[in-house]
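Note that the coordinates shown come from a computational prediction; the quantities given were computed from them, not determined experimentally. Just so you know, these numbers use all the heavy atoms, side chains as well, and skip hydrogens, waters and symmetry mates. When a ligand or atom number is given, it counts from 1 through the structure's own listing order.
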Amino acid sequence: MTPANPPATQKVGLFPGTFDPITNGHLDIIRRGQAMFDKLIVAVGKNPAKSEIFTLDQRRDMIERLIRRECADHVVVDTFEGLTVDYAKRINATAILRGLRNVSDLNFEFQLALTNRAIAEIETVFVMSGEAYGFTSSTLIKQIAAGGEIDRLHLLLPDIVLKALKQKKQDLGGKLPWRQIDHLSGE
Ligand code: ADP
């Protein structure tokens, strides 16, 4: 369901991502970013450069439960297909919100933000992650979860995500369907 179009005066933020799965790092960005907008839409999409463990609906449901528990009422979740900028136009987003963990992120995010502005005239605002989450990435989490003990990830993942990862691994006979596609995914 696409959130209803807001009045033009409302500041609408769009936090897009793959969120496979959502980490404490993502939640940190949502908590920090929510104060900048009248409405913040966390939008779960598909990144063709990444293979996924959780379906779009599973990712959305986990985020829904977490934002209800930990974020302000004006934070909502949605899913989308296609380009982020097209979705941003559909929902009348004021700006795209992205998180930065380190200077390496900046390289890719800078390119993405300038491209999005050039093709769709949409601005991007950045929030730096808290020091505790600067090293957390969904890709590394999937690698660790696929090859080892999932409980080790308890500082990096919300409890419900930890549980869902364990369940997924168990349902699949101990094998998580994850593989590294390349080393350039920027995650
Ligand atoms: P995408 O595939 O679009 O990069 P991700 O789910 O990997 O989607 O990331 C969504 C956003 O969250 C990106 O802006 C990314 O930089 C940011 N992000 C991811 N992990 C962290 C973290 N640990 N701290 C801060 N920001 C993060």
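- Note: Arg101 CZ to Ile29 CD1 = 9.0 Å, rounded to the nearest 0.5 Å.
- Residue contacts with ligand 1: Glu109 is included, with a non-hydrogen atom under 4.0 Å away.
- Of the N or O atoms in Asp20, none lie within a sub-3.5 Å distance of an N or O in ligand 1.
- Salt bridge present: Arg69 and Asp159 bring a charged side-chain N and a carboxylate O closer than 4.0 Å.
- Near Phe19, the atoms of ligand 1 lying under 4.0 angstrom from a non-hydrogen atom of the residue are 6 (O).
- Between the side chains of Gln111 and Asn107, not a single donor N or O lies within less than 3.5 Å of an accepting N or O.
- Contacts between Ile29 and ligand 1, counted as non-hydrogen atom pairs separated by less than 4.0 Å, involve the side chain only.
- Ligand 1 lies less than 4.0 angstrom from a heavy atom belonging to Phe15.
- With a 4.0 Å cut-off on non-hydrogen atoms, Arg98 touches ligand 1 through its backbone as well as its side chain.
- Checking side-chain atoms of Gln58 against main-chain N and O of Thr55 turns up a donor-acceptor pair under 3.5 Å.
- For Asn47, every heavy-atom contact with ligand 1 shorter than 4.0 Å involves the side chain, none the backbone.
- Contact check on Asp57 versus Arg60 returns a salt bridge, with a Lys/Arg side-chain nitrogen under 4.0 Å from an Asp/Glu carboxylate oxygen.
- Which parts of ligand 1 touch Ser129 is read off a 4.0 Å heavy-atom cut-off, strictly below it: atoms 24 (N), 25 (C).
- Heavy-atom contacts of Pro16 reach the following atoms of ligand 1: 10 (C) (cutoff under 4.0 Å).
- Between Gly99 and ligand 1, an N or O atom pair is found at a separation short of 3.5 Å.
- Between the NE2 atom of His26 and the OG1 atom of Thr136 there is a distance of 9.5 Å, given to the nearest 0.5 Å.
- More than 12 heavy atoms of other residues, nucleotides or ligands shown are found within 6.0 angstrom of CZ on Arg31.
- In this structure, Phe135 and Leu156 approach most closely via the heavy-atom pair CE1-CD2, 3.6 Å.
- Remark: ligand 1 and Ser138 share no N or O pair separated by less than 3.5 Å (distance only, no angle test).
- For the pair Ser137 and ligand 1, the shortest N or O to N or O distance does not fall below 3.5 Å.
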